[in-house]
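If you read the sequence from its start, that first residue is 1, and numbering goes on from there.
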Amino acid sequence: MYKLLIVEDEPLIRAGLQHYFDWTALGVTMIVEAENGKEGWLAALHEQPDLIITDIRMPEMDGLQMIEHIRATLPDTLFIILTGFNDFEYAQKAIRLGGVHAFLLKPLEYEESFATILSCMATLKQRRNERTQRTDLEQQANENKSYKSNQLVKFLLEDEHAAWEEGVRQQLNDFDHLSWYQPFVVTWLPSNPSQTIERREFQQLAERIIRSTLDTMSSSSIPTQLFLYIDKTKCHAVAILDDQPSAYDTDQVSLPACDSNVFMAIGKMTTDSSQLTQLLRLTDQALYQRFYQDKRQIFFPIIANESPTRAKDSRLLLEEADKNRIIASLESANPTDIEQLMQRLAHDLRIHLPHTSMDRGFAFIQEIISTTVRFAHRNGIPVEGVYSEKLLKLTCVDDFPTLDALFSWLTAWMVQVSEVYRDEFSSTNHQDVLIFEHIEAYIKEHIDQDITLQMVADRFFYNPSYLSRIFKRKLDKNYMRFVTEIRIHYAQECLKKPEYLVTDVCTMCGYKSYKHFVKTFRSITNMTPSDYRKKWGW
């Protein structure tokens, strides 16, 4: 927990100090040595010790000179002067001048010296606690500020303009002057469904991208404030600028170096905050241009009167013949037929999208889903068993970087519905048994990742609540227990192989905390991972 540096030119005294006290019991886990002030100074800069015990008189640089050099760089480090009787007044003077916590008088008397060390360790502990509390308070303040920022943009999305205005005025005291508002929407869409990003990490990524983009658009316009709202895979943001940026070429705006799974839409700028709700929604819709504009990551809203081809709004309907083809392919339970049909429908949609509104594109997708759901209803297939909430609300369109990826996911869902129909799900419940095998294979494939029930439900097109119930009903265990047993069984197999360290196995099985891994392993096997490995002679 704590690091000690001993600076003393006498080797025997240095060695003696290392063994004079039970440093481990005192919480010192590392001891570093130096034989003069100059070496001590360099060692302190490199090791950053919590406590330094130093002699005064040493060659090259004495102890007090060393302390002066170190104190400015390491203000939280405690110093104890090791002094003989002749230098006692010198040591006391150094303590009065500040920077030195205490002194140890040579030759050391154990009880008195130990009391001094205990006092130092108590001070170190108190300082560390204060730093932790201060860090926690700062983090809470930042999170509170971030939360308020999120709420403000949420007010805009919910069309509560008055609440937005009031909230901004509270955060910006000089808000009465003319400001420019620039809306943004950023989304992160992994190609691998099991890939995830923490909410805070995503917010930091989105903020970095937006600020960098603002710099690119105009080096003179630094945002007075940037408000962000994170909602699942999207970050809606409004930048408030003191002045209008100069005109910029949209083709020259690019994302800073970041992953290709990031997409951003830049909205129209305005001085009228009452327009922000509509502008944010148009900016959000602009992201769907990725479905027909390949290899682009930045998009701008298309205004109807600016696009003559869009103004015609080409009709886009799911033909009756295609509805019949969907039903026929579901009845045949032939994955190839379903895949080919969906590829053709995706192609039809991609051709129409540049010339029609995205709402019509969504209606086209919804018709495909509705046709499949009506088929399930007619054949007695419980919808909750083959229907995820993302399909119901059509929020699945937000989860995919390309139209092909979206239709591939829809195809997999339709194939599952056809297999349920083929296996007479309504009378045998055979699918409920099979699904556990599929889920187990999926978890094993991503064993080192955090696979939530929601992710599994989305992957296999189940309602999460329904999936949770069939775990309890069919296996008499919940989903977390199911995953834990798979992880621990995999850990057992890995522990039989001597080339893996126990800590490696912990990470390989998806555990971030070694302590939690050991506790979980013991709860399942009644022994620790190390004890289990010993059974196999390793």
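The minimum heavy-atom distance linking Ile80 with Cys120 is given by the pair CD1-SG, 3.2 Å. Taking both residues in full, the closest heavy atoms of Gly267 and Thr283 are given as CA-OG1, 3.2 Å, listed atom of the first, atom of the second, then distance. Between Tyr2 and Leu124, the closest heavy-atom pair is CE2-CB, 3.8 Å. What you find for Asn36 and Pro59 is that their closest heavy atoms are CB-O, 3.3 Å. Contact detail for Phe202 and Thr233: the closest heavy-atom pair is CZ-O, 3.5 Å. Heavy-atom minimum distance, Pro301 versus Ile266: CD-O, 3.1 Å.
A side-chain donor-acceptor contact under 3.5 Å links Ser274 and Asp272. Asp531 and Thr528 form a side-chain donor-acceptor contact under 3.5 Å, judged by distance and modelled atom types alone. With 3.5 Å as the limit, one finds a donor-acceptor pair spanning the side chains of His161 and Ser273. A side-chain donor-acceptor contact under 3.5 Å links Gln126 and Glu130. One side chain, Arg296 or Gln293, offers a donor N or O that lies under 3.5 Å from an acceptor on the other.
No side-chain heavy atom of Leu495 sits under 4.5 Å from any side-chain heavy atom of Tyr500. Inter-residue side-chain proximity for Met508 and Tyr490 is flagged as met; some heavy-atom pair is nearer than 4.5 Å. Here the side chains of Val456 and Tyr479 are in contact, with some heavy-atom distance below 4.5 Å. Proximity of Leu279 to Thr270: side-chain heavy atoms (C-beta onward) are separated by under 4.5 Å at one or more points. Taking 4.5 Å as the limit, every side-chain heavy atom of Leu453 sits out of range of all side-chain heavy atoms of Met480. Between Leu74 and Pro49, some side-chain heavy-atom pair lies under the 4.5 Å cut-off. Side-chain contact between Leu105 and Leu82 is absent, with no heavy-atom pair separated by less than 4.5 Å. Side-chain contact between Val100 and Ile67: present, with at least one pair of heavy atoms (C-beta onward) separated by less than 4.5 Å.
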Go through the steps for Arg533 and Lys496 under the test side chain to side chain contact (heavy atoms under 4.5 Å, CB included), then give the verdict. CA-CA 6 Å; Arg533 166 160 279 180; Lys496 295 175 184 177; over 6 Å; no

Criterion side chain to side chain contact (heavy atoms under 4.5 Å, CB included) on Met264 and Phe184, from CA distance to verdict: CA-CA 7 Å; Met264 178 172 67; Phe184 293 88; 4.0 Å; yes

Please step through side chain to side chain contact (heavy atoms under 4.5 Å, CB included) for the pair Glu33 and Glu39, ending with a clear verdict. CA-CA 9 Å; Glu33 294 183 35; Glu39 283 190 10; over 6 Å; no

Steps toward side chain to side chain contact (heavy atoms under 4.5 Å, CB included) verdict (Ile52, Leu4): CA-CA 6 Å; Ile52 296 178; Leu4 167 66; over 6 Å; no

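Centroid-to-centroid, the aromatic rings of Trp164 and Phe227 come within less than 6.0 Å. In this structure, His516 has its ring center under 6.0 Å from that of Tyr511. Between Phe114 and Tyr20, the distance from one ring center to the other does not fall under 6.0 angstrom.
Counting only distance, with no hydrogens or angles, the side chain of Asp231 and the backbone of Lys234 share no donor-acceptor pair below 3.5 Å. The backbone N or O of Lys444 sits nowhere less than 3.5 Å from a side-chain atom of Arg487 that would complete a donor-acceptor pair. Judged by distance alone, with hydrogens and angles left aside, the side-chain atoms of Glu112 form no donor-acceptor pair with the main-chain N or O of Glu109 at under 3.5 Å. Thr77 contributes no side-chain N or O that, together with a main-chain N or O of Asp50, makes up a donor-acceptor pair within less than 3.5 Å. Not one N or O on the side chain of Ser468 forms a donor-acceptor pair closer than 3.5 Å with the backbone of Ser465. Remark: the backbone N or O of Val262 is paired with a side-chain donor or acceptor of Gln297 at under 3.5 angstrom.
Residues satisfying the side chain to side chain contact (heavy atoms under 4.5 Å, CB included) criterion with Thr24, sequence neighbours excluded, are Asp22. Remark: Asp504 engages no residue in a salt bridge (Lys or Arg N to Asp or Glu O under 4.0 Å) (not counting sequence neighbours).
A side chain to side chain contact (heavy atoms under 4.5 Å, CB included) with Thr213 holds for exactly one of Ile210, Asp215, Ile209; it is Ile209. Between Asp76 and the options Arg131, Arg127, Lys3, Arg71, a salt bridge (Lys or Arg N to Asp or Glu O under 4.0 Å) holds for only Arg131. The only member of Val238, Val185, Val153 that meets side chain to side chain contact (heavy atoms under 4.5 Å, CB included) when paired with Tyr229 is Val153. A side chain to side chain donor-acceptor pair (under 3.5 Å) with Lys390 holds for exactly one of Thr395, Asp398, Asp458; it is Asp458.
In this structure, Lys519 places its NZ atom where only 12 or fewer heavy-atom neighbours from other residues, nucleotides or ligands lie under 6.0 Å away. Remark: Glu111 CD is loosely packed, at most 12 non-hydrogen atoms of other residues, nucleotides or ligands lying under 6.0 Å away.
Under the 6.0 Å distance and 45° angle rule, Arg522 does not count as a cation-pi partner of Phe517.
In this structure, CZ in Phe79 is found 6.0 Å from CE in Met66, a value given to the nearest 0.5 Å. How far CD1 of Ile451 is from CZ of Arg459: 11.0 Å, rounded to the nearest 0.5 Å. Distance check: Ile447 CD1 to Ile486 CD1 gives 6.5 Å after rounding to the nearest 0.5 Å. Taking CD of Glu485 as the reference point, atom CD1 of Ile524 lies at 5.5 Å (rounded to 0.5 Å). Once rounded to the nearest 0.5 Å, the distance linking CZ of Arg290 with CD1 of Ile298 reads 14.5 Å. The CG atom of Leu156 lies 9.5 Å from the CZ atom of Arg281; values are rounded to the nearest 0.5 Å.
Under the 4.0 Å criterion applied to side-chain N and carboxylate O atoms, Lys154 and Glu160 are not assigned as salt-bridge partners. By the 4.0 Å N-to-carboxylate-O rule, Arg14 lies too far from Glu8 to be salt-bridged with it.
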